[in-house]
Trainee: 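Sharing a structure, written as structure tokens. Questions coming.
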Protein chains: 2
Amino acid sequence: MKPSDRNITTALRRHGYKLTPQRCAVVHAITSSQDHLTPTAIFEKVSQNHPGIGLVTVYRTLKLLAELELICELHTGGNCPSYTAGTSHHHHHLVCSGCGKVVDFASPRLIEHNVVELEGRLSRESGFRIDDHLLEFTGLCQLCQKAPASSV
Amino acid sequence: MKPSDRNITTALRRHGYKLTPQRCAVVHAITSSQDHLTPTAIFEKVSQNHPGIGLVTVYRTLKLLAELELICELHTGGNCPSYTAGTSHHHHHLVCSGCGKVVDFASPRLIEHNVVELEGRLSRESGFRIDDHLLEFTGLCQLCQKAPASSV
DNA sequence: CTGTAACTGATAATACTTTTCAATTAGCAG
DNA sequence: CTGCTAATTGAAAAGTATTATCAGTTACAG
């Protein structure tokens, strides 16, 4: 088991969840890939080493891992989300509008650099031709700050 | 008809599409709201003044408008996209993780400011408690630059 | 006004995800 | 190690979002 697998599985245990072979397999499928994978892709990957696993179990596990913020869930175009290792915090995306490929980048220097500088640097490093950028902040609006967890 | 409606409808005509009452109604529903609306919400809004319109037509119109980049399509959590007036270019989002509300902000000063400064400013202006940010660049990866439009 | 290609709406089909529930199993107590 | 119990699994069904099909209708160029 890779160290990254272990981090996730022990976190599951710490939260009181059982460590089933199916869950381990899903975790491993995610951590062993650099790419963002759809639920179906993860299901197919897991099925190779773990035939008989249900797609339902994959969905359940992904939902659980995403809720615990042990993996990163991404919604771009298309009509299904994709998942990758790592938390969603300070972890950013470079999305290809041609093939849908997603490359992640960490950006500790976001504090120092502005977006346009970063765009140039990323383009050089990744070979992407960058056409657009989207900046999205997540948080709680004024109303939801007052009414805690009512609609969550 | 509002000026913003007219911009969109004339653009449709310019592209060779017919200007049906249904299309105008969908356009109006979008431009007359500040919020990001789901296809179903748009359908319900349009149905008030235009009973009998089909949900299918709403979907088709949204897809068309988004392709022509006359409206902005957004995928966040949940399981359906939402649409709002304005193009997607340099137009950013503040998403409430409590109620799903989306506030847009334009950011011409993204060039001058770094993300952390911007976060502080937005938080003060909007009243949001900002917990996280996601920066997403869109473009074409090296392969897709070489093989134009093969998979688009 | 007329013809025609584009558009609409109903139905059906497809895709993705969640619910339900009986059978199984991880992990604890002894 | 053995048995217990609640959590988990997988199959089937249901639910939700979206797209395809197609006959009838309509915008608009001429």
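A note on names: the letters A, B, ... follow the listed sequences, proteins ahead of strands, and every chain is numbered from 1.
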Trainee: Could you report the tightest heavy-atom contact between A:Leu37 and A:Ala29, atom names first, then the distance?
Mentor: CD1-O, 4.0 Å
Trainee: Just N and O in the side chain of B:Arg13: are any of them under 4.0 Å from OP1 or OP2 of D:dA29?
Mentor: yes
Trainee: For B:Glu119 and B:His133: C-alpha separation, side-chain torsions, deciding distance, then whether side chain to side chain donor-acceptor pair (under 3.5 Å) applies.
Mentor: CA-CA 8 Å; B:Glu119 184 169 312; B:His133 60 256; 3.2 Å; yes
Trainee: Please determine whether a side-chain nitrogen or oxygen atom of A:Arg60 lies at a distance below 4.0 Å from atom OP1 or OP2 of C:dT18.
Mentor: no
Trainee: D:dC28 P sits how many Å from B:Tyr17 OH, rounded?
Mentor: 15 Å
Trainee: Output yes when a side-chain donor or acceptor of B:Thr10 lies under 3.5 Å from a complementary backbone atom of B:Asn7, and no otherwise.
Mentor: yes
Trainee: Could you state the atom-to-atom distance from CD of A:Glu44 to P of C:dC16 in whole Å?
Mentor: 11 Å
Trainee: Quick one: is D:dT19 close enough that its OP1 or OP2 comes under 4.0 Å of any side-chain N or O from B:Tyr59?
Mentor: no
Trainee: Out of curiosity, does B:Val26 fall in the hydrophobic cluster containing B:Tyr59 (side-chain heavy atoms, cut-off under 4.5 Å, transitive links)?
Mentor: yes
Trainee: Between B:Leu55 (CG) and D:dA17 (P), how many Å, whole number?
Mentor: 10 Å
Trainee: Quick check on C:dA26: is either OP1 or OP2 less than 4.0 Å from any side-chain nitrogen or oxygen of A:Thr20?
Mentor: no
Trainee: Just by modelled atom types, is the A:Ala85 backbone N or O under 3.5 Å from a matching donor or acceptor in the A:Thr31 side chain?
Mentor: no
Trainee: For A:Val56 and A:Leu64, take the nucleotide of DNA chain D holding the closest heavy atom to each; which residue's nucleotide lies nearer the 5' end?
Mentor: A:Leu64
Trainee: Contact class for B:Gly52 (heavy atom, under 4.0 Å): base, sugar-phosphate, or nothing?
Mentor: sugar-phosphate
Trainee: In whole angstrom, what separates B:His75's NE2 from C:dC16's C1'?
Mentor: 14 Å
Trainee: How many whole angstroms separate atom CZ of B:Arg14 from atom P of D:dC28?
Mentor: 15 Å
Trainee: Round to the nearest Å and state the distance from A:Phe43 atom CZ to C:dT18 atom C1'.
Mentor: 16 Å
Trainee: Can you check the A:Glu67 CD to C:dT18 P distance for me, whole Å?
Mentor: 10 Å
Trainee: Should B:Thr57 be listed as having a side-chain N or O under 4.0 Å from OP1 or OP2 of C:dG9?
Mentor: yes
Trainee: Using atom CZ of B:Arg23 as one end and atom C1' of D:dA27 as the other, report the distance to the nearest whole Å.
Mentor: 10 Å
Trainee: Any side-chain N or O of B:Gln22 under 4.0 Å from OP1/OP2 of C:dG9?
Mentor: yes
Trainee: Select one nucleotide: of D:dA6, D:dA27, C:dT18, the one nearest the side-chain heavy atoms of A:Lys18.
Mentor: D:dA6
